[in-house]
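The structure displayed is predicted, hence computed values, not measured ones.
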Amino acid sequence: MGKENKRNISITGSTEFTGIRLKAPAPYAAGIPGVKTALQHAFKEMGVVRSLHGLAHMNQKEGFDCPGCAWPDPEKPSKLGEYCENGAKALAEEATNKKADAAFFARHSVEELSTWTDYQIGKSGRLTEPMLLRPGSVHYEPVTWEKAFSLIASELRQLDTPDEGVFYTSGRSSNEAAFLYGLFVRAFGTNNMPDCSNMCHESSGVALSQTLGIGKGSVKLEDFEEAEIVIVMGQNPGTNHPRMLSALQKCKENGGKIISINPLEEAGLIRFKNPQEFKGVLASGTPLTDLHLQVKINQDVSLLKLLIKKLAALDETSPQVFDHEFINRYTHGYEALIGHLKQFSEKELLALCGVAEEHIDRAVELLAQKNKIIICWAMGLTQHKNGVANIKECVNLLLLKGSLGRPGAGTCPVRGHSNVQGDRSVGIMHQVSPELNASIAKTFGFIAPEKEGLDTVHAIEAMHQGRAKVFIALGGNFVSAASDTIYTAEALQNCKLTVNISTKLNRTHLTAGKTALILPTLGRSELDRKEGKPRFFTVENSMGKVHRSKGLLAPASDQLKSEPEIIGAMAHAYFEGNHVVDWEGLSEDYALIRAKLEEVITSFKGLSAKSEGSGFYLPNNVRDLDFSKLPDGKAQFSCCPLPDHQLKPHEFLLMTVRSHDQFNTTIYGLHDRYRGVYNERRVIFMHPDDMRANALEKLEVVHLISSYDGKERKAYNFLVIPYNIPQGNLASYFPETNVLVPYNHFADQSHTPISKSIVVTLEKASHV
């Protein structure tokens with residue numbers, strides 16, 4: 001049940017089984033089952049009228065942005081509904097009619113709630129008023145907004161140094177809220193701004209910045225229509241970004257080819273039944289993947305090196321394989337890369353990646369002929385010790401083919417939460433930017449701190465060691481999202497004060513500090529009104545486009561405040577109204593926030609006007625083939641080492657994955673329809689030959705054990721399921737298996753947790 005603190009809190013929740021049912025994995029994604037499931041979730045949580053009203057306006061130009069993923073909207077969104085199954089589930093979760101009000105917290109102690117599963121906790125309903133957990137108490141109780149802000153201000157003033165505060169941000173917040181939050185944290189005096197990017201695409205940001213000069217992707221949505229080849233790596237779009245399937249469908253209809261590279265063959269990349277088309281409803285849909293390369297976990301560098309090595313051999317006899325004009329004009333390090341490849345044999349690389357050579361050769365054949373190539377990836381590439389190298393090797397292939405700065409080609413890191421990229425664009429980061437600090441000083445008249453702050457893993461360590469004492473989170477479910485669940489929970493419990501700005505109850509509210517506050521905020525879909533006038537905010541999608549979002553549903557409670565209002569009130573209370581920044585004025589007038597944002601970050605110039613309609617793209621040097629800020633003014637090739645996994649007998653490499661019924665740490669239901677798993681999450685996917693070698697039967701119960709630096713971590717009670725996964729590899733859902741990920745093992749340079757390549761052993765359960 002997990003290590004407990006003096007409040008008798010269960011950190012990991014229930015490990016009981018819920019009644020598993022197994023079916024064959026699905027042969028396609030979406031279609032009628034997707035529509036049916038989406039509407040069932042929506043109607044159950046929101047009722048029919050509220051559901052239809054909300055869904056009709058989600059991802060529409062005069063509506064609100066989906067509270068789920070960051071996939072971009074088309075220029076002309078479909079009037080039938082520009083959302084996917086999981087987008088409908090995300091809306092249903094946010095706009096549910098259920099309430100976690102004062103009566104709910106009076107009935108249920110945090111001790112009791114902590115024994116519930118994450119699914120049960122999430123189904124409690126919307127938070128409706130500020131709640132306070134006093135030292136030693138096990139029940140949250142109502143507190144006024146004024147007293148809540150006074151308490152936060154008092155605790156912040158008692159810190160010996162501003163660096164004893166940690167200010168976390170999730171990707172749900174708007175550009176306006178994130179900008180104001182970052183401004184307050186810097187005015188307070190620290191750069192301790194860990195955010196959810198640290199745990200997902202930080203590796204992408206580091207690698208892309210070092211090689212191409214910008215930590216974002218370079219493609220636009222319309223590039224998929226022109227692409228000749230789209231490579232989808234370490235990503236499951238059918239579950240995580242289902243609207244991406246429409247873009248892949250257009251690529252196929254225009255003659256493009258799709259190569260998928262992943263340890264699991266996912267339904268969403270096999271066939272797509274678009275529910276907005278006849279063939280998606282009554283016919284067979286669109287086959288997507290032309291070639292699936294079933295790579296072993298974290299052997300993507302080995303695979304890419306093999307592809308590049310074989311392409312280089314072809315280029316020696318047919319110089320048109322690589323784009324040498326592009327290489328000579330725009331890149332640096334080509335000769336070093338070619339020399340680097342000579343130290344690896346094709347046989348060695350083939351054995352490491354685990355892909356059949358005929359499939360490798362087919363991929364080489366496709367790549368040799370084309371240069372309009374897009375590479376998409378997600379956390380299957382970033383959450384490894386060599387996560388940065390994984391992305392750099394992708395960039396190598398694109399540079400060799402000249403597949404940047406032209407239609408139908410480029411980099412496409414597919415972001416998770418809907419404004420995680422916008423948070424970073426408006427200044428949420430623990431690193432120091434002299435340019436940003438100078439702009440803040442010029443615009444607001446105060447000096448921002450120049451000491452680098454703490455990222456997520458180091459913030460956890462600081463809280464655990466008592467070097468950080470106040471934790472404030474702008475959204476998110478920190479304890480479930482972060483690595484090393486028990487260690488992270490202990491870190492939070494060490495704090496004098498934890499504050500969570502949230503829409504719904506989650507496990508982080510239960511693994512609380514000595515004193516804890518829950519501050520309820522408006523959801524993305526809810527009407528945000530000031531003095532009778534509706535307000536809008538802006539977000540940035542996964543491809544760098546900024547646009548408006550305006551909620552329209554009735555709020556869950558008349559006591560909810562918007563995120564900017566909460567942030568402004570915290571700042572006003574802390575500074576007691578005596579500061580150069582008018583915190584109250586900014587928090588009430590989003591247009592004023594945007595005006596100041598334009599002054600501080602010039603790429604947002606004209607934000608209010610340009611965000612109308614479909615919005616506008618932020619500057620992107622790769623699209624312009626401008627690498628002037630990089631060494632020699634050129635894009636950089638990289639010589640990346642191979643991953644190093646020295647597995648002992650009976651050790652496996654485990655990757656954490658999502659089920660189809662979840663988004664990030666939010667669990668919508670207990671089914672994983674595409675993988676054929678129903679009514680259960682405590683499962684482990686395993687190759688049948690590995691099961692036989694370890695004398696394991698189907699649905700046998702095992703515990704998972706990781707051991708790093710002499711410390712053993714254990715996840716209890718998982719059912720073994722035979723599955724098509726490379727031998728020596730395992731897959732299981734997070735957050736249940738995050739307990740196995742050591743907080744102090746992370747990607748080089750980016751510090752992203754190694755959640756996709758954890759060395760584990762299995763232990764048979766003695767009893768169930």
(Q) Taking CD in Glu450 as the centre, count heavy atoms belonging to other residues, nucleotides or ligands within less than 6.0 Å. Is the count above 12? (A) no
Q: Considering non-hydrogen atoms only, spot the tightest contact between Phe64 and Ser549 and give its length.
A: CA-OG, 3.3 Å
Q: Please determine, by modelled atom types, if Asn541 and Asp73 share a side-chain donor-acceptor pair under 3.5 angstrom.
A: no
Q | Student check: side-chain heavy atoms of Ser480 and Asn506 closer than 4.5 Å | A | no
Q. Are the charged groups of Arg172 and Glu563 less than 4.0 angstrom apart, N to O?
A. yes
Q | Distance in Å, Ile601 CD1 paired with Thr443 OG1, rounded so as to fall on 0.5 Å steps | A | 10.0 Å
(Q) With a 4.5 Å cut-off on side-chain heavy atoms, are Asn240 and Cys69 touching? (A) no
Q: Report yes or no: do Thr382 and Ser203 form a side-chain donor-acceptor pair below 3.5 Å?
A: no
Q. Got a sec, which residues hit ring-ring contact (aromatic ring centres under 6.0 Å, His included) with Phe663, two or more places apart in sequence or on another chain?
A. His417
Q | Polar side chain donor-acceptor pair, Glu75 to Ser614, under 3.5 angstrom | A | yes
Q.
Counting neighbours of NZ on Lys250 that are heavy atoms of other residues, nucleotides or ligands and sit closer than 6.0 Å, is the number greater than 12?
A. no
Q. Heavy atoms, side chains only, cut-off 4.5 Å: are Val301 and Asn390 in contact?
A. yes
Q: Go through Leu304 and Asn396 one step at a time and tell me if the side-chain contact (heavy atoms from CB on, under 4.5 Å) criterion holds.
A: CA-CA 9 Å; Leu304 289 167; Asn396 282 343; over 6 Å; no
(Q) For a quick test of reading the model, state the closest non-hydrogen atom pair linking Cys251 to Val230 and the distance between them. (A) SG-CG2, 3.8 Å
**Q.** Atom pair OH (Tyr733) and CG (Asp118), whose distance is rounded to the nearest 0.5 Å
**A.** 14.5 Å
Q) Side chains of Ser173 and Asp423: do they bring a donor and an acceptor to under 3.5 Å? A) yes
Q. Would you say Arg126's side chain and Thr503's backbone share a donor-acceptor pair under 3.5 angstrom?
A. yes
Q | Arg524 bridged to Glu94 by N-O distance under 4.0 Å | A | no
Q.
Could you report the tightest heavy-atom contact between Gly122 and Glu93, atom names first, then the distance?
A. O-OE2, 3.4 Å
Q: Verify the distance criterion only: is there a donor paired with an acceptor across the side chains of Asp626 and Ser628 at less than 3.5 Å?
A: yes
(Q) Check this for me: does any side-chain nitrogen of one of Glu82 and Lys61 sit under 4.0 Å from a carboxylate oxygen of the other? (A) no
Q) So, Ser425 versus Lys216: side-chain donor-acceptor pair below 3.5 Å or not? A) yes
(Q) Applying side-chain contact (heavy atoms from CB on, under 4.5 Å) to Leu248 and Ile258, what does each step give before you reach the verdict? (A) CA-CA 8 Å; Leu248 296 176; Ile258 296 173; 3.8 Å; yes
Q: Could you verify whether a donor N or O on one side chain and an acceptor N or O on the other, from Ser197 and Asp195, lie under 3.5 Å apart?
A: yes
Q) Think Lys89 forms a cation-pi with Tyr668, using NZ or CZ under 6.0 Å from the six-ring centre and within 45 degrees of its axis? A) no
(Q) To the nearest 0.5 Å, what is the distance between CG on Leu586 and CG on Leu597? (A) 11.0 Å
Q | Atom pair CG (Leu553) and CG (Leu91), whose distance is rounded to the nearest 0.5 Å | A | 6.5 Å
**Q.** CG-SG distance between Leu245 and Cys84, expressed to the nearest 0.5 angstrom
**A.** 8.5 Å
Q) Is it true that atom CD of Glu62 has more than 12 heavy atoms of other residues, nucleotides or ligands lying nearer than 6.0 Å? A) no
**Q.** CZ-CD distance between Phe746 and Glu202, expressed to the nearest 0.5 angstrom
**A.** 12.5 Å
Q. Between Phe471 and Phe478, is the gap from one ring center to the other below 6.0 Å?
A. yes
Q | Within-4.5 Å side-chain heavy-atom neighbours: Phe444 and Lys596 | A | yes
Q.
Check this for me, if you would: do Glu565 and Arg535 make a salt bridge, where the nitrogen-to-carboxylate-oxygen distance has to be below 4.0 angstrom?
A. yes
(Q) So does Thr666 get a backbone contact from the side chain of Asn664, meaning a donor-acceptor N/O pair under 3.5 Å? (A) no
Q: Determine, stepwise, if the pair Val600 / Phe179 fulfils side-chain contact (heavy atoms from CB on, under 4.5 Å).
A: CA-CA 10 Å; Val600 173; Phe179 176 70; 3.9 Å; yes
**Q.** Thr239 side chain to Ser659 backbone, donor-acceptor under 3.5 Å
**A.** no
Q. Are the charged groups of Glu540 and Arg415 less than 4.0 angstrom apart, N to O?
A. no
Q: For Gln431 and Glu452, work out which heavy atoms get closest and say how close.
A: CA-CG, 4.2 Å
(Q) Using modelled atom types and a 3.5 Å cut-off, is there a donor and acceptor pairing between side-chain atoms of Tyr181 and backbone atoms of Tyr168? (A) yes
Q: For residues Thr485 and Pro735, determine if any side-chain heavy atom of one lies less than 4.5 Å from a side-chain heavy atom of the other.
A: no
Q.
Keeping Asn191 on the side-chain end and Arg186 on the backbone end, is there a donor-acceptor pair under 3.5 Å?
A. no
Q: Could you note down all residue pairs passing salt bridge (charged side-chain N to carboxylate O under 4.0 Å, His left out) where residues 174-185 supplies at least one of them, sequence neighbours left out?
A: Glu176-Arg594
Q | Passing option when Asp300 is tested against Ile391, Leu381, Asn262 for side chain to side chain contact (heavy atoms under 4.5 Å, CB included) | A | Leu381
Q.
Within a 6.0 Å radius of atom NZ on Lys550, are there more than 12 heavy atoms belonging to other residues, nucleotides or ligands?
A. no
Q. Just by modelled atom types, is the Phe734 backbone N or O under 3.5 Å from a matching donor or acceptor in the Arg658 side chain?
A. no
Q. What residue among Asp528, Asn175, Thr538 forms side chain to side chain donor-acceptor pair (under 3.5 Å) with Tyr590?
A. Asp528
Q. Is the backbone N or O of Ala70 less than 3.5 Å from a side-chain atom of Ser418, with the two atoms forming a donor-acceptor pair by type?
A. no
**Q.** Test log, rule side-chain contact (heavy atoms from CB on, under 4.5 Å), inputs Leu436 and Met429
**A.** CA-CA 11 Å; Leu436 179 61; Met429 56 185 173; 3.8 Å; yes
Q.
Among Thr190, Val166, Asn198, which residue satisfies the side chain to side chain contact (heavy atoms under 4.5 Å, CB included) criterion with His430?
A. Asn198
Q: Check for a donor-acceptor pair, side chain of Gln383 on one end and backbone N or O of Cys200 on the other, with a separation under 3.5 Å.
A: no
Q: Would you check if the side chain of Thr456 reaches a backbone N or O of Pro194 as a donor-acceptor pair within less than 3.5 Å?
A: no
Q) Are side-chain heavy atoms of Gln210 and Gln636 found at a separation under 4.5 Å? A) no
Q) Can you tell if the side chain of Met543 reaches within under 4.5 Å of the side chain of Glu222, non-hydrogen atoms only? A) no
Q | Minimum heavy-atom distance Val539-Phe537, with the two atoms named | A | CG1-CE1, 4.0 Å
Q.
Assess, by modelled atom type and distance only, whether the side chains of Gln421 and His201 contain a donor and an acceptor separated by less than 3.5 Å.
A. no
Q | Contact summary for Pro242 and Asn86, nearest pair of heavy atoms | A | CG-CB, 4.5 Å
Q: Would you confirm whether Ser542, through its side chain, and Pro413, through its main-chain N or O, come within 3.5 Å as a donor-acceptor pair?
A: yes
